[in-house]
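Below: the structure, in C-alpha cells.
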Amino acid sequence: MRKLLVAGNWKMNGSIESAKALAAGLLNEVGDGASYDVAVFPPFVHIPAVAAQLQNSDLMWGGQNVSAHKRGAFTSEVSAEMLLELGCQMVLVGHSECREYGGENNQLVALKFKQALATGLLPVLCVGETLAQREADETESVVWSQIQAVIDLVGMESLGQGVIAYEPVWAIGTGLTATAEQAQQVHQFIRSHLSENDDIIARRMRLLYGGSCNGSNAHALFSMPDVDGGLIGGASLTVTDFMAICQQADALSNGE
Ligand code: PGA
C-alpha cells in the first residue's frame, strides 16, 4: 500500500514571518504519526525559518528547484548540497513554471533529478501537458517523454527512488481541475508504462496529482487507484485550506 503524500508548493509567496506561522500551524494540526505524509516547498530564503519549526517532526520540507551542477560559478543557482544542509529531504524538479519561464527542458530536468538523488534528496519530478497538447491528443506522449528523459539518464531504479507529480499545465492555478477520471487515466498510463520497465518499482512509486486541487476535490482525486496524493499550490498557502486536503488524505488512509 502506497502512503498518500500531501505536498504544498508555496511558490513565490509569503514572508519569513508568514512561512514560519504556516509551518507552525501545519505542525500543530498534522502532528506526528499521521496516516499520510506531508511535505512543504517554501521559497529558498524561507527554508531556514520553516526548518526551525519542523525539525524533529514527521513533516518534511524541500526546495522548489535545484541546480544540475554540484557547485561552482553558477550565479543565482542553489545546489542540492545547500538544500541538504538546510535539512531538506525533498526537492521539486521540472515544475511547469520552471519549464515555461525558466526554459528548462527535459534533459536539464533529468540532470537536476540526477544531482538531487546523488546528493541524498528525494526528487519530485513534475510532468504535464499544456492545453494545446491535450487538445492535440499529445498528453501521453508529452508526459512519457518527460519521464523517459529521466530514465534515459539515471535508469529505472533511480527514477523509482523519486516521486512523480502529474500536473496538467492547464489546471495549474486556473481553478480548472482535471476530473478524478482524467487524472486517473493519465496516472494509470504512467504506471502501466513504468511497469513495462519494472513492475515492482511501478507499483511502489508514488504518483501525485497537481493542479487546482483543494479540499472539495481531494477526496475524489486521491481515491483513484493510481493517485497517491497531491502537489498543492494555491490551497497550500493557508493552514485551513491545506488541512482541508490533509483531512481527506487522512480519511482515505483510514479506509473512509
Ligand atoms: P495549484 O498549483 O494547486 O495552484 O494549481 C499546483 C502546482 O503548481 O504545484
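Indexing begins at 1, ligand by ligand and atom by atom, following the structure's order.
Annotation for Glu85: atom CD does not count as buried by contact number, only 12 or fewer foreign heavy atoms lying within 6.0 Å. No more than 12 heavy-atom neighbours from other residues, nucleotides or ligands sit within 6.0 angstrom of CG on Asp137. Remark: Glu77 CD is packed, more than 12 non-hydrogen atoms of other residues, nucleotides or ligands lying under 6.0 Å away. For Gln182, the CD atom sits in a packed shell: over 12 heavy atoms of surrounding residues, nucleotides or ligands are nearer than 6.0 Å.
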### Task
I would like to know whether Trp144 and Glu140 meet side chain to side chain donor-acceptor pair (under 3.5 Å); could you show each step before the answer?
CA-CA 6 Å; Trp144 189 255; Glu140 293 185 352; over 6 Å; no
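Hydrophobic clustering (ILVMFWY, side-chain heavy atoms < 4.5 Å, transitive): Leu4 and Leu207 are in one cluster.
Relative ring orientation between His187 and Tyr209 is described as tilted, the plane-to-plane angle lying within the 30° to 60° band.
Close approach of ligand 1 to His95 (heavy-atom distance below 4.0 Å) involves ligand atoms 7 (C), 8 (O), 9 (O). Near Gly234, meaning under 4.0 Å from any of its heavy atoms, are these atoms of ligand 1: 1 (P), 3 (O), 4 (O). Contact atoms of ligand 1 toward Gly173: 1 (P), 4 (O), 5 (O) (distance under 4.0 Å to a heavy atom of the residue). Which parts of ligand 1 touch Gly211 is read off a 4.0 Å heavy-atom cut-off, strictly below it: atoms 5 (O). Near Ser212, the atoms of ligand 1 lying under 4.0 angstrom from a non-hydrogen atom of the residue are 1 (P), 3 (O), 5 (O).
Of the protein's heavy atoms, Glu167 OE2, 3.1 Å lies nearest to atom 7 (C) of ligand 1.
In terms of N/O distances under 3.5 Å, ligand 1 is approached by Gly233.
Contact annotation: for Ile172 versus ligand 1, heavy atoms closer than 4.0 Å belong to both the backbone and the side chain. In Ala171, the part holding a heavy atom less than 4.0 Å from any atom of ligand 1 is the backbone.
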